[in-house]
Amino acid sequence: MNLKDKILAGHRISFEEALTLYDMELFDLGELADTIRKNRHGKKTYFNINRHINPTNVCADVCKFCAYSATRKNPNQYTMTHDEILNIVKDIDSRGAKEVHIVSAHNPNTGLEWYLEIFKKIKSAYPHIHVKALTAAEVDFLSRHYGKSYDEILDLMVQNGVDSMPGGGAEIFDEKVRDYICKGKVTSEQWFEIHRKWHERGKKSNVTMLFGHVESRANRIDHMMRIRSLQDVTGGFNCFIPLVYQTENNYLNIKEPITANEILKTMAISRIVLDNVPHLKAYWVTSTVNLALVAQEFGANDLDGTIEKESINSAAGAKSANGVKLEDFTALIKNSGFIPVERDSVYNEIKVW
Ligand code: V47
């Protein structure tokens, strides 16, 4: 059986086979991924009405790709108060948001309570809002800095109202590349340990991949293979999110941005390789809205959400600082030939727009 037939018959492919998919012509590869996407999700494109909150940019870690952290090229430190965060949640709740996505830098000055109590405050005032918070990188930082085990931090997250974990901090799992781009931060093994433990608590999470910098195609496939292995065991990942590296204001100094062709191939290949992860998000923040819509024909079935405000990627050049208006979002999806389906954070359908 040739590789195309093998994929269409629903058989799992190997690392070597996945790597050869990059040699396929883009549209042939896209068609393969689109067939799988249509079988699973038809013409639905999922999104949610959400708000990203990045409460502090003071960071104890030094990732070369990061333009957000205040200890590096950005001198403007900030740390929000809980009241500031609660005011944001009050405002977005009044306008129909269903999720807050809270990701911070690794601030060594605030105390563990500052990180955790805000979730409890949000949950008790707005029990219907889904709290997606704390990447595995933050969990690892809190564990190291405050002398608690991963189990203790994860239990505290559950007790304080965190509903699911975002997929950040995954970057690239290959140890050599990881050492070069973000030495000292959560290791790949630890990242998986944290998500495994989270899944064992009956909770869901996402997983990202930062690509388009110094990594090779083989590194990307290896990244996907490691995800596929844990997902076979826990089934806890909802969504895979390839994040396109943004080139500005950081220390990686990549002059040539990745091409649209390579982004779409990587999207399509991840749909094929990750046969056990239900959703593939084209995160419009890092790919642009237009390419994220095109990616819906190359395997992706999700766009993230309206977001409203975003600080991490916009610091590195993404045009995402102010989100997208709901009516524009749904119109763009419809005009691209897809059905805009509002979802909650764990992919229950809320409304077809
Ligand atoms: O882990 C940092 C990335 C991530 C850059 O789970 C950069 O639903 C591109 O994880 N260029 C945080 N990316 C964001 C994240 C996320 C986003 C949306 C949805 C979800 C989800 C998770 O941002 C970090 C890092 O990989 N990042 N700098 C940069 N220059």
Side-chain angles (χ1 to χ4, degrees), residues 46-48 50-54 57 59 61-69 72-74 98-106 130-141 162-173 177-178 181-182 185-186 188 191 195 198 203-215 223 227 236-254 257-258 263 277 279-288 292 300 302-320 323 343-347:
Y46 289 103
F47 72 99
N48 67 354
N50 64 347
R51 163 76 192 229
H52 282 213
I53 305 179
N54 304 118
N57 65 353
C59 198
D61 274 299
V62 280
C63 301
K64 285 201 180 94
F65 54 78
C66 183
Y68 170 65
S69 156
R72 296 172 65 76
K73 282 196 175 176
N74 168 10
K98 310 284 190 313
E99 172 192 282
V100 271
H101 171 131
I102 304 180
V103 170
S104 288
H106 307 162
H130 181 104
V131 178
K132 179 166 74 171
L134 292 180
T135 66
E138 290 172 277
V139 171
D140 174 69
F141 161 73
V162 176
D163 295 298
S164 69
M165 276 178 72
E171 321 312 358
I172 281 284
F173 291 132
V177 175
R178 198 174 181 83
I181 65 173
C182 56
K185 171 158 129 171
V186 65
S188 304
W191 193 97
H195 280 262
W198 184 248
K203 300 284 186 182
K204 295 286 185 184
S205 65
N206 292 336
V207 49
T208 57
M209 172 176 78
L210 182 65
F211 75 113
H213 43 91
V214 299
E215 89 292 349
H223 192 92
I227 295 165
F237 291 123
N238 263 331
C239 181
F240 178 58
I241 312 159
L243 300 168
V244 181
Y245 166 70
Q246 307 295 298
T247 55
E248 292 176 20
N249 307 320
N250 67 70
Y251 285 86
L252 266 186
N253 280 327
I254 307 293
I258 188 172
I263 293 170
V277 177
H279 303 285
L280 174 61
K281 187 183 289 187
Y283 185 46
W284 65 263
V285 165
T286 64
S287 65
T288 74
D302 191 282
L303 285 173
D304 200 273
T306 45
I307 291 177
E308 292 212 355
K309 192 165 163 53
E310 193 282 330
S311 306
I312 299 177
N313 296 110
S314 52
K319 305 287 174 275
S320 53
R343 57 162 174 86
D344 70 9
S345 306
V346 288
Y347 289 87

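Numbering of ligands and ligand atoms starts at 1, following listing order.
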>> Among all protein heavy atoms in this structure, tell me which lies nearest to atom 12 (C) of ligand 1, with the distance rounded to 0.1 Å.
In response: Ile312 CD1, 4.2 Å
> Does even one non-hydrogen atom of Leu243 get within less than 4.0 Å of ligand 1?
Replying inline: yes
>> If we check side chain to side chain contact (heavy atoms under 4.5 Å, CB included) with Tyr283, which of these qualifies: Val244, Asn313, Leu303, Thr208?
In response: Asn313
>> For the 3.5 Å polar cut-off, considering only N or O atoms, please tell me whether Glu171 and ligand 1 meet it.
In response: yes
> For ligand 1, is any non-hydrogen atom under 4.0 Å from Tyr283's backbone (N, CA, C, O), its side chain (CB onward), both, or neither?
Replying inline: side chain
>> Test your reading of the model: is there a side-chain donor-acceptor pair from Trp284 to the backbone of Thr306, 3.5 Å cut-off?
In response: no
>> Could you identify the single nearest non-hydrogen protein atom to atom 28 (N) of ligand 1 and state the distance to 0.1 Å?
In response: Phe65 CD1, 3.4 Å
> Is there side-chain contact between Asn206 and Pro166, with heavy atoms separated by less than 4.5 Å?
Replying inline: no
>> Are Ile307 and Asn50 packed together at the side-chain level, in the sense that at least one heavy-atom pair is separated by less than 4.5 angstrom?
In response: yes
>> Closer than 4.0 Å to some heavy atom of Gly168 - which atoms of ligand 1 meet that?
In response: 1 (O), 10 (O)
>> I need the contact type for Pro166 against ligand 1. Using non-hydrogen atoms and a strict under-4.0 Å cut-off, is it side chain, backbone, both or neither?
In response: both
> Can you tell which of Lys185, Lys132, His52 gets a heavy atom nearest to atom 8 (O) of ligand 1?
Replying inline: Lys132
>> Is the contact between Ile241 and ligand 1 made by the side chain, the backbone, both, or neither, using heavy atoms and a 4.0 Å cut-off?
In response: side chain
> Does Gly169 reach ligand 1 with a nitrogen or oxygen that is under 3.5 Å from one of the ligand's nitrogen or oxygen atoms?
Replying inline: yes
> Below 3.5 angstrom, do we get any N/O pair linking Thr208 and ligand 1?
Replying inline: no
> Leu280 versus Asp302: any side-chain heavy-atom pair under 4.5 Å?
Replying inline: no
> Is Arg178 close to Val186 at the side-chain level, that is, under 4.5 Å between some pair of heavy atoms?
Replying inline: yes
> Purely on distance, is any nitrogen or oxygen of Gly167 under 3.5 Å from one on ligand 1?
Replying inline: yes
> In terms of residue, atom name and distance, what is the protein heavy atom nearest to atom 27 (N) of ligand 1?
Replying inline: Asn313 ND2, 3.7 Å
> Where does the angle between the aromatic ring planes of Tyr347 and Tyr46 fall among parallel (under 30°), tilted (30 to 60°) and perpendicular (over 60°)?
Replying inline: perpendicular
> So which heavy atom in the protein is nearest atom 11 (N) of ligand 1, and how far is it from that ligand atom?
Replying inline: Gln246 N, 2.8 Å
>> Heavy-atom distances under 4.0 Å decide this one: backbone, side chain, both or neither, for Asp304 against ligand 1?
In response: side chain
> Are any of the side-chain heavy atoms of Phe211 and Ile258 separated by less than 4.5 Å?
Replying inline: yes
> Relative to the heavy atoms of Asn206, which atoms of ligand 1 are at a distance of less than 4.0 Å?
Replying inline: 6 (O), 8 (O), 21 (C)
>> Can you tell me if Val285 contacts ligand 1 (heavy atom of the residue under 4.0 Å from the ligand)?
In response: no
> Is the shortest heavy-atom distance from the side chain of Asp140 to the side chain of His106 under 4.5 Å?
Replying inline: no
> How long is the gap from NZ on Lys132 to CG on Asn48, to the nearest 0.5 Å?
Replying inline: 6.5 Å
>> With side chain to side chain contact (heavy atoms under 4.5 Å, CB included) as the test, pick out the partner of His213 among Asn253, Ile172, Asn250.
In response: Ile172
>> Please list the nearest protein heavy atom to atom 16 (C) of ligand 1 with its residue and the distance rounded to 0.1 Å.
In response: His101 CE1, 4.0 Å
